Amino acid sequence: MTTLADFRERMRIDLQDPDGERWTDAALDRHFGRALAELSRAAPREARLTAATAPGSRELSLAGIPGLLGVARAEYPAGLEPPAFRRFAVFGSLLRFEDGPLPDGSDCRLWCRLLHEADDAGSTLPAALEDIAVLGATAFAAAEAASGTLERLTLNAGTAAAYAAMARERETAFRQLLRELGGRGRLRARRAGAP
């Protein structure tokens, strides 16, 4: 499983900073986090979560679901065959069932889209998306280096221009890949019970 340290190492290779002389781990983590968030919006992590309802209430708090981007479907009661998908509305961090039986405290299932995560233990990114995340993160790091180099005295007069060119090239490719992925993972406004 690919860890955050693995991603940092790949970023350092792409940025030609293998010894970490220009970018700190914290700076690379920040750029990777931004790229991961943008990538998650185009190709989110999908998960089916179970939550307890409150007896006599059609409302369910979503506040305890970290990295929630949206709810695609809600099933109540959970575990029926075929599944009992319900119409619902989400406002802020509150989901409200609009049809079906009044919840009695039993479980519901939420079919969610979530932000991807990466830490020292691993990552939720599928292998096919790892290079895209690194591409975006290195674009953001190069853009920061280009703006920071403008104010520093360097022996190489073309440093800022080189980082700016790298940032433009990588960000253009990153944005194009996000657009291509976007049709698959884009959240759509619709009646949530509809397939």
Side-chain angles (χ1 to χ4, degrees), residues 1-8 25-26 28-130 132-134 136-137 140 174-175 177-195:
M1 179 175 281
T2 308
T3 66
L4 186 55
D6 297 327
F7 286 117
R8 254 188 252 123
D25 286 354
L28 292 181
D29 291 352
R30 182 170 40 84
H31 295 305
F32 189 77
R34 177 180 170 194
L36 198 58
E38 291 192 30
L39 178 56
S40 293
R41 285 175 176 77
R45 177 169 54 110
E46 296 174 336
R48 186 175 69 177
L49 308 175
T50 301
T53 61
S57 175
R58 292 190 177 279
E59 295 181 346
L60 178 72
S61 174
L62 303 174
I65 304 174
L68 181 67
L69 293 171
V71 177
R73 290 183 169 199
E75 177 185 349
Y76 180 80
L80 296 180
E81 196 55 49
F85 293 116
R86 304 295 176 197
R87 290 184 320 135
F88 66 90
V90 174
F91 183 75
S93 63
L94 195 65
L95 179 142
R96 178 175 172 76
F97 290 103
E98 294 184 336
D99 67 357
L102 191 63
D104 61 5
S106 57
D107 288 343
C108 70
R109 283 193 188 135
L110 303 176
W111 304 66
C112 300
R113 293 185 177 109
L114 306 167
L115 291 171
H116 285 285
E117 299 172 347
D119 58 24
D120 293 331
S123 161
T124 61
L125 270 177
L129 298 180
E130 289 181 357
I132 298 171
V134 170
F140 301 144
F174 179 64
R175 300 278 174 224
L177 289 166
L178 293 185
R179 278 191 295 278
E180 290 172 12
L181 289 169
R184 181 177 77 76
R186 186 178 303 131
L187 296 175
R188 295 179 301 273
R190 63 182 171 109
R191 299 304 279 189

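Please read all numbers here as calculations on a predicted model, not as lab measurements.
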Could you state the interatomic distance from [atom1] ([X]) to [atom2] ([Y]), rounded to the nearest 0.5 Å?
X: Leu68; Y: Arg45; atom1: CG; atom2: CZ; result: 10.0 Å
X: Glu117; Y: Leu125; atom1: CD; atom2: CG; result: 10.5 Å
X: Phe91; Y: Glu59; atom1: CZ; atom2: CD; result: 11.5 Å
X: Asp119; Y: Thr3; atom1: CG; atom2: OG1; result: 8.5 Å
X: Asp29; Y: Arg34; atom1: CG; atom2: CZ; result: 15.5 Å
X: Tyr76; Y: Asp104; atom1: OH; atom2: CG; result: 3.5 Å

4.5 Å side-chain heavy-atom contact, [X] and [Y]:
X: Leu181; Y: Ile132; value: yes
X: Phe32; Y: Leu36; value: yes
X: Glu130; Y: Phe7; value: yes

If I compare all heavy atoms of [X] with all of [Y], which pair ends up nearest, and what's the gap?
X: Ala47; Y: Leu114; result: CB-CD1, 3.7 Å
X: Gly105; Y: Ala52; result: O-CB, 4.3 Å
X: Gly122; Y: Met1; result: CA-SD, 3.4 Å
X: Ser40; Y: Leu69; result: O-CD1, 3.5 Å
X: Pro103; Y: Ser57; result: CG-O, 3.2 Å
X: Leu4; Y: Ala118; result: CD2-O, 4.2 Å

Residue that, paired with Leu60, satisfies side-chain contact (heavy atoms from CB on, under 4.5 Å) out of Leu110, Val71, Leu94: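 Single pass found, and it is Leu110.
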
Among Arg109, Arg87, Arg48, Arg86, salt bridge (charged side-chain N to carboxylate O under 4.0 Å, His left out) partner for Glu75: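 Answer after filtering Arg109, Arg87, Arg48, Arg86: Arg109.
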
Are any side-chain N or O atoms of Thr53 and backbone N or O atoms of Ser106, one a donor and one an acceptor, separated by less than 3.5 Å?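 Present.
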
Do we see a donor-acceptor contact under 3.5 Å between the side chains of Thr124 and His116?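 Result is yes, a qualifying pair exists.
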
Do the rings of Phe174 and Phe140 sit parallel, tilted or perpendicular, given the 30° and 60° boundaries?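 Ring orientation, 0 to 90° scale: perpendicular.
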
